[in-house]
Structures are given as structure tokens and as C-alpha cells.
Amino acid sequence: MNDSEKQQVIDLLNNIMEVELAGVVRYTHYSLMVFGYNRIPIVSWLKGNANEGLTHAHKAGEMVTLLGGHPSLKVGPLLETRKHDIGDILRESLDHEKSALALYYKLLHLAEGESVLLEEYAREMIAQEELHLDEVDKMLRKPGDVKPFHS
């Protein structure tokens with residue numbers, strides 16, 4: 001990987017880190033805005049997502065420093081929609097996770113044939129994000145509905 005390609009990967013990893021950190025803020029906020037009978041399990045799930053986002057951000061930052069880069073101090077875009085219905089929260093979560101997944105696919109494309117470490121990292125994160133998307137998709141379905149949710 002030449003210096004230009006390495007910088008492109010570092011920039012993308014920093015972008016991933018920023019998006020994952022935005023997810024931490026987003027899921028923490030969501031966990032504070034859940035009310036109703038199912039509050040406890042949903043809050044627990046949202047807090048778990050915030051923790052997972054922090055772990056993902058840390059992994060991306062570790063990759064940045066491994067490549068000799070400087071980790072970003074930025075947080076990705078945060079949008080306050082003021083929609084706090086569980087369905088709204090889950091749909092926003094689905095959109096957020098899709099954007100993170102797209103970045104990991106972009107990283108895989110850049111790393112292919114250049115770095116087994118980065119390829120494997122990207123593949124691991126893609127698998128985790130796709131499983132998470134599936135989980136959110138299933139949560140958005142009506143009970144007994146086996147067809148995927150379409151936003």
C-alpha cells in the first residue's frame with residue numbers, strides 16, 4: 001500500500017470512528033427517551049448498542065494508529081429528530097447502522113489485496129453490523145411477520 005492509499009484508509013477509518021462515536025451518543029440519548037411497559041429491556045438493549053459502538057470506535061482508532069495515523073477527535077453527524085416512539089428510534093437506528101455498514105464495505109474494497117489485517121477487520125465488522133441490522137429489522141416487524149421490514 002503506497003502512502004496515498006494508506007492515507008485514504010486512515011481517513012476512512014477516522015470516518016468510521018466518528019460514525020461509531022455518533023452511534024454511542026445516539027444510543028445513549030435513545031436509552032434516556034424510552035418510556036412505557038417495555039422500557040427496561042429496550043433501555044438495556046440500547047445501552048448495549050452504545051457500548052458496542054464505543055468498542056467499534058476504539059477498534060477503528062487502533063487501526064488508525066497501527067497505520068501511523070492520528071485518531072480523529074470528531075463525532076459524526078447527530079440529528080435530533082425529537083421522534084422518540086420506539087418504532088422511530090428503531091428506524092433511525094436502522095439508517096445509522098446502514099451508513100456504518102457502507103463505510104466498512106468501502107474499507108474492505110480499499111483493503112482487498114493490500115492488507116489481510118484490514119480485510120479481516122473489515123469483514124469482522126461487516127458481519128457484526130449485518131447481524132445487528134437483522135436484529136433491528138426483526139424488531140421492526142409485527143409479531144408473526146416473517147418478511148423483512150422495509151423502511
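Please read these numbers as outputs of a predicted model, since none were measured by experiment. The figures that follow rest on heavy atoms only: side chains count, while hydrogens, waters and symmetry mates do not.
- Side chains of M63 and M17 form no contact here, defined as non-hydrogen atoms less than 4.5 Å apart.
- Taking the six-membered ring for Trp and thresholds of 30 and 60 degrees, H132 and W45 have nearly parallel ring planes, at less than 30 degrees apart.
- Taken from CG in D134 to CD in E130, the straight-line distance is 9.5 Å, to the nearest 0.5 Å.
- With a 4.5 Å cut-off on side-chain heavy atoms, H84 and V34 do not count as touching.
- In terms of heavy-atom proximity, E97 sits nearest to L133 at CB-CD2, 3.6 Å.
- Counting only distance, with no hydrogens or angles, the side chain of E5 and the backbone of N2 share a donor-acceptor pair below 3.5 Å.
- For the atom pair K147 NZ and K142 NZ, the distance stands at 13.5 Å (nearest 0.5 Å).
- Linking ILVMFWY side-chain heavy atoms closer than 4.5 Å, directly or via other members, places V24 and M125 in two distinct hydrophobic clusters.
- Side chains of Y27 and E52 form no contact here, defined as non-hydrogen atoms less than 4.5 Å apart.
- For the pair L21 and L54, the minimum side-chain heavy-atom distance is below 4.5 Å.
- Distance check: L13 CG to L118 CG gives 6.5 Å after rounding to the nearest 0.5 Å.
- T28 places none of its side-chain heavy atoms less than 4.5 Å from the side chain of L46.
- Side chain of N14 to main chain of H70: a donor-acceptor pair is present (N/O by atom type, distance under 3.5 Å, no hydrogens or angles).
- Rounded to the nearest 0.5 Å, atoms CG (L140) and CG (L90) are 4.5 Å apart.
- Although no hydrogens or angles enter the test, the distance criterion places a donor-acceptor pair under 3.5 Å between the side chain of R141 and the main chain of V146.
- Atom CG of N15 and atom OG of S99 lie 9.0 Å apart (nearest 0.5 Å).
- Using a 4.5 Å cut-off between side-chain heavy atoms of Ile, Leu, Val, Met, Phe, Trp and Tyr, with links allowed through other members, L108 and L117 fall into the same hydrophobic cluster.
- Listed by first then second residue, pairs satisfying ring pair (Phe, Tyr, Trp, His ring centres under 6.0 Å) with a partner in residues 100-127 number zero, not counting sequence neighbours.
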